[in-house]
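Owing to the predicted nature of the structure, the values given are computational and were not obtained by experimental measurement. Proteins get letters first, then strands, A, B, ... in listed order; numbering begins at 1 in each. What you see below is based on every heavy atom in this structure, not just the backbone, and it leaves out hydrogens, waters and symmetry mates.
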There are 2 protein chains.
Amino acid sequence: EPKQRGFRFRYECEGPSHGGLPGASSEKNRRTYPTVKISNYVGHARVEVQLVTHTDPLASTRTAWWAVHCTENGTCMVDVGPNDLTASFSNLGILHVTKKSASHDRRQPINTQHLRSTESSILKEAKELGKVMDLNIVRLKFTAYLQDSNGGFTRALKPVVSNAIYDSKSPNASNLKISRMDKTCGTVLGGDEIFLLCDKVQKDDIEIRFYEEDEGGWEAFGDFSPTDVHKQYAIVFKTPPYHSAEIERPVTVFLQLKRKKAGDSSDPKQFTLHPSVQGKPRPF
Amino acid sequence: EPKQRGFRFRYECEGPSHGGLPGASSEKNRRTYPTVKISNYVGHARVEVQLVTHTDPLASTRTAWWAVHCTENGTCMVDVGPNDLTASFSNLGILHVTKKSASHDRRQPINTQHLRSTESSILKEAKELGKVMDLNIVRLKFTAYLQDSNGGFTRALKPVVSNAIYDSKSPNASNLKISRMDKTCGTVLGGDEIFLLCDKVQKDDIEIRFYEEDEGGWEAFGDFSPTDVHKQYAIVFKTPPYHSAEIERPVTVFLQLKRKKAGDSSDPKQFTLHPSVQGKPRPF
DNA sequence: AGATGGGGAATCCCCTAGA
DNA sequence: AGATGGGGAATCCCCTAGA
């Protein structure tokens, strides 16, 4: 399986070799790659990769929105067997096809040929489609072909489809990250104003989640409105109150950025809550 | 004269009518426009506007980098006279010509015709030129033509050139602005860490200037490195010490963002310096 | 000289709001 | 229905750094 987040799709103009798509279990020092294995078979086989939409992976798309880029052999297939039937794709790139060039490639549908279907109207259609499709999420589709008696790879097996891959450059799928905060502690009563610097977020699809890992799973959310999100890169918010105002000593909790829609979140930061004395914050 | 900053150049694809270039003395409720007047003459005349480079306004450029857009009459000239010789241009737009289309328009120089001067090499040249020219700064060039005895406007006067106009969308010429700070006071000794949210800045060409308007003109600069500039939209810095550590009561000074190269600055924000007690900050 | 990222500029698209 | 901005997405360009 490929890693779902953190990989950036590239445009053709950016050139090749910005690194290949890593596997889900890939790490800094031990890179892995998307890999498929043909089971219950001995012999030669060929495995091909294609990119498909994440919502409807088995439908064939009329337009090519992406291209796979295999820097090693220029094509997107590998031959395996006869003993090891494992195909590993170590240098898969995902190329964005621009809306402009996608509309170039389009064939005119027959039933509209009598209309004046201009370049720009096709382009517009491409954009409409892009809106409902989310071109920033793809899946890999692997199709294996077994060798037939003539030596040709004609016996196609049922394709398998990977999990979804999100373009890390896309604003709704980029890696969430908290870079810096002006305070890392506040009072148990909440209401402390915090300036938080972060990687790109979308002001209507972001929340700041405070939580405790153990015991019952307390969670609460930072208080801010979309206008408190500054240019997608900073958030000014107020801390929420802790579940209990009566604590004897400081309590350490966590906070993280979290997308409302996709549900993915950033690495957490620690935050320390101090007791308040008679409802008033104590200096700390 | 046109207003130098705050006007955004547009691309053709953005469509017309995003507002005309205002005059230097233009205000919210009393808009003015770039205007020229022909002196010492009575009679009909025609005034034409062109865009020229800011460094070399009277040289003719080989390539058109910009286009003027006059939404009112489609052309960039107005006729005036015989009594009022004032030409006012109330709806001047400045259109960016993309590097791609600029390279399309280029004629091949004769002496390189035997070389294989491809489209892409012209494009590359356009980009090189763009680097040294700064296409985000232009001037208006007004040329007046007096009516000759046949009624034609043939008698050209010496052109006049306006001050420079900076594209407000360009990162090195956009309006500087401080949106928010997490503190507006600190101690006279400096060293207080401030989170400041701002409009787009460039991390290597920005400074935070503290100053006092009256008496001697004290100034000092916030302490930060380029890595403290977060994604062009926030700066974490430490306040500088005041010129005197011995103050009895709080002193209010100003701070502003300032570009090192261009020297332009943002509107100031107030900042209050509190006395320190025996070298230690006093709680405030 | 390619494997490996990442920041940010140039270009483009589309929103809001009031009469 | 145009005068009037402005935010941010999609596309593109080019940097750094280590062997």
Side-chain angles (χ1 to χ4, degrees), chain A residues 6-22 26 28-29 31 33 65 71-72 90-91 93 95-102 120 123-124 126-128 130-131 134-136 167-175 177 199-205 226-227 229-233, chain B residues 6-22 26 28 31 33 65 71-72 90-91 93 95-102 123-124 126-128 130-131 134-136 167-175 177 199-205 226-227 229-233:
Chain A
F7 183 71
R8 176 164 156 183
F9 299 5
R10 295 287 177 166
Y11 289 86
E12 200 179 359
C13 64
E14 296 190 88
S17 102
H18 282 272
L21 178 64
S26 194
K28 269 265 178 55
N29 304 328
R31 293 187 72 85
Y33 300 98
W65 296 106
T71 51
E72 281 186 336
S90 65
N91 241 321
L95 287 189
H96 264 305
V97 172
T98 64
K99 280 161 192 166
K100 232 174 224 168
S101 78
S120 82
L123 180 54
K124 185 178 279 176
K127 279 172 193 157
E128 286 304 319
K131 247 182 243 165
D134 200 339
L135 303 175
N136 300 305
D167 179 11
S168 76
K169 185 79 168 179
S170 166
N172 62 16
S174 58
N175 268 124
K177 184 183 165 198
D199 280 6
K200 189 180 282 196
V201 298
Q202 293 175 303
K203 62 172 177 283
D204 293 310
D205 186 28
T227 56
V229 178
H230 176 74
K231 308 287 182 183
Q232 308 191 288
Y233 285 114
Chain B
F7 183 72
R8 176 164 157 184
F9 300 4
R10 295 287 177 166
Y11 290 86
E12 200 181 358
C13 64
E14 297 191 86
S17 101
H18 283 271
L21 178 64
S26 193
K28 270 266 178 54
R31 293 187 72 86
Y33 300 98
W65 297 107
T71 52
E72 280 186 334
S90 64
N91 241 320
L95 287 189
H96 264 305
V97 172
T98 64
K99 280 162 191 163
K100 232 175 225 169
S101 78
L123 179 55
K124 185 178 279 176
K127 278 172 195 158
E128 286 305 318
K131 248 182 240 165
D134 200 339
L135 303 175
N136 300 305
D167 179 11
S168 74
K169 185 79 168 180
S170 166
N172 62 16
S174 58
N175 268 125
K177 184 183 164 196
D199 281 6
K200 188 181 281 197
V201 298
Q202 293 174 303
K203 62 171 177 281
D204 293 310
D205 185 27
T227 56
V229 178
H230 176 74
K231 308 286 180 183
Q232 308 190 289
Y233 286 113

Nucleotide nearest A:N136 when distance is taken to its side chain, options D:dC13, D:dA10, C:dC12: D:dA10
Reported CZ-to-CG distance for the pair B:R8 and B:N175, which is rounded to 0.5 angstrom: 12.5 Å
Whole-Å distance separating the CD atom of A:Q232 from the P atom of D:dA10: 11 Å
Mutual orientation of the aromatic rings belonging to B:H230 and A:Y233 [parallel < 30°, tilted 30-60°, perpendicular > 60°]: perpendicular
Nearest-nucleotide comparison on DNA chain C, the residue closer to the 5′ end among A:D199 and A:G20: A:G20
Touch class at under 4.0 angstrom, heavy-atom based, for A:R10 against every strand present: base
Sugar-phosphate, base or nothing in reach of B:K169, heavy atoms under 4.0 Å: base
Whole angstrom value for the distance that separates P of C:dA10 from CG of B:L135: 9 Å
Complement of C:dT11, any strand, by Watson-Crick or G-U distances under 3.5 angstrom: D:dA9
Candidates B:K177, B:K169, B:Q232, B:K231 - the one meeting side-chain contact (heavy atoms from CB on, under 4.5 Å) with B:K200: B:Q232
Position toward the 5' end of DNA chain D (nearest nucleotide), A:Q202 or B:E14: B:E14
Whole angstrom value for the distance that separates P of C:dA9 from CG of B:D167: 13 Å
Phosphate OP1/OP2 of C:dA10 contacted by B:R8 side-chain N/O (<4.0 Å): no
B:N136 side chain vs B:D167 backbone, donor-acceptor pair below 3.5 Å: no
Between D:dG6 (P) and A:K203 (NZ): distance, integer Å: 14 Å
B:K231 side chain near C:dG7 phosphate (N/O to OP1/OP2, under 4.0 Å): yes
Distance, rounded to the nearest Å, where A:K200 contributes NZ and D:dG8 contributes P: 9 Å
Length of the line joining A:E12:CD and D:dT11:P, which is rounded to integer Å: 13 Å
Opposite nucleotide pairing with C:dT16, Watson-Crick or G-U, both atom distances under 3.5 Å: none
Atom pair OH (B:Y11) and NE2 (B:H18), whose distance is rounded to the nearest 0.5 Å: 13.5 Å
B:L95 CG - C:dA10 C1' separation (whole Å): 15 Å
Nearest-nucleotide pick for B:H18, side chain only, options being D:dC13, D:dG8, C:dC14: C:dC14
Length of the line joining A:Y11:OH and D:dA9:P, which is rounded to integer Å: 12 Å
